Amino acid sequence: VTFGGNMTVDNPTHQFYIRGDNVTINGAYYTVDITTTNWSGLIAGTTYSKSSHGKSGLTIKNMGITASTGTLANSTATVGFGWLTGDSFMGNHGTGSTSVIENCWTTGDIDRSFTSGLVGTRALNGSSGSSTDIKLHVKNCYTSGNIGTLSESNCSGLIGCNADRGLKVTNCVVRGNIIGSDNSGIFGSSTENTKGLGPIENCYIYGTVSATGGSSSYAIGNFSTNN
């Protein structure tokens, strides 16, 4: 799939549903503007679609997501949404080839608990990957929305909570300010499997941290386990 122009999305069910392996969605550097409430990601996650769960070899690239009037949906630690992908986007990834998200950017604020700027929660939940066996590589991406509020927690600028094993982040930038409790710039907090999460390379966070409690941080949220 290759975009042919800018798009506006005014319905929360208007998403891409990926059913097979080795699918490429190329935004061709066009922008998708979200004008609906309760947004759960341009690439649907598993909670509502069962679409990309366990798929491999996906490429999502060259697109921007703005939110002129849109808002992210209410989320939890196990079902949380990003502006680009929904929850468990690549969960239960097996032995197939690495999936890639590259050259993507978002500008919407991350103002619901357990939401993120790019990739939703539990991105690789149940993955067989490791710090050297990468199943999802996020590279050359940036987000500019503010992260969290005084009342919303466990928000992240790039990757949602409980990401799990085999997720690598390279050459990414987070520009939003980090506000509130247990919010973070790159990886969200985790109460699940964190060993073998994957390397973070050449990434930058330009915003300020204004923590009101918990463990807000520039890069990585609070990890309560390391199984």
Side-chain angles (χ1 to χ4, degrees), residues 12 15-18 34 38-55 58 60 65 71-93 99 101 104 106 108-127 129 135-138 141 143 145 147-149 152-169 172 174 176 178 180-198 200 214-217 219-227:
Q15 302 168 286
F16 286 97
Y17 297 85
I18 298 175
I34 309 303
N38 298 317
W39 184 244
S40 59
L42 184 66
I43 314 300
T46 62
T47 297
Y48 298 130
S49 72
K50 304 298 180 187
S51 61
S52 59
H53 202 52
K55 297 297 184 286
L58 306 183
I60 314 299
I65 298 179
T71 59
L72 287 164
N74 291 327
S75 300
T76 68
T78 54
V79 183
F81 309 114
W83 285 112
L84 181 64
T85 81
D87 63 298
S88 296
F89 168 64
M90 289 305 305
N92 287 346
H93 193 303
S99 293
I101 296 174
C104 294
T106 71
D109 287 341
I110 303 107
D111 55 5
R112 298 286 190 275
S113 292
F114 299 104
T115 57
S116 59
L118 198 72
V119 178
T121 59
R122 306 180 86 183
L124 285 166
N125 179 52
S127 168
K135 299 301 184 184
L136 174 61
H137 189 183
V138 178
C141 296
T143 65
I147 304 158
T149 70
E152 302 292 336
S153 62
N154 293 286
C155 304
S156 55
L158 208 65
I159 310 296
C161 297
N162 298 318
D164 216 325
R165 298 166 289 180
L167 201 163
K168 182 178 181 179
V169 181
C172 291
V174 175
I178 303 169
S181 174
D182 291 321
N183 300 316
S184 56
I186 297 179
F187 279 108
S189 59
S190 180
T191 58
E192 300 181 5
N193 193 348
T194 60
K195 188 174 182 180
L197 185 61
I200 301 173
S215 304
S216 290
S217 69
I220 301 175
N222 181 32
F223 280 3
S224 62
T225 62
N226 189 24
N227 298 319

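Keep in mind it's a predicted model, so treat the numbers as computed, not measured.
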For [X] versus [Y], what's the shortest heavy-atom pair and its separation?
X: W83; Y: D109; answer: NE1-O, 3.3 Å
X: V138; Y: C172; answer: O-SG, 3.8 Å
X: G41; Y: Q15; answer: O-NE2, 2.6 Å
X: C155; Y: S113; answer: SG-CA, 4.0 Å
X: N183; Y: N154; answer: OD1-N, 2.8 Å
X: P12; Y: S40; answer: O-OG, 4.5 Å

Set of residues satisfying side-chain hydrogen bond (donor to acceptor under 3.5 Å, both in side chains) with respect to T106, sequence neighbours excluded | none
Is there a side-chain contact (heavy atoms from CB on, under 4.5 Å) between V174 and I147 once you walk through the steps?
-> CA-CA 10 Å; V174 175; I147 304 158; 3.6 Å; yes
Out of curiosity, [X] [atom1] to [Y] [atom2], how far, rounded to the nearest 0.5 Å?
X: I159; Y: K168; atom1: CD1; atom2: NZ; answer: 13.5 Å
X: F16; Y: I60; atom1: CZ; atom2: CD1; answer: 8.5 Å
X: L158; Y: I101; atom1: CG; atom2: CD1; answer: 9.0 Å
X: T121; Y: F81; atom1: OG1; atom2: CZ; answer: 7.5 Å
X: F114; Y: S156; atom1: CZ; atom2: OG; answer: 10.5 Å
X: I65; Y: C104; atom1: CD1; atom2: SG; answer: 7.5 Å

May I ask you to decide if L136's main-chain N or O and S99's side chain share a donor-acceptor pair within less than 3.5 Å?
-> no
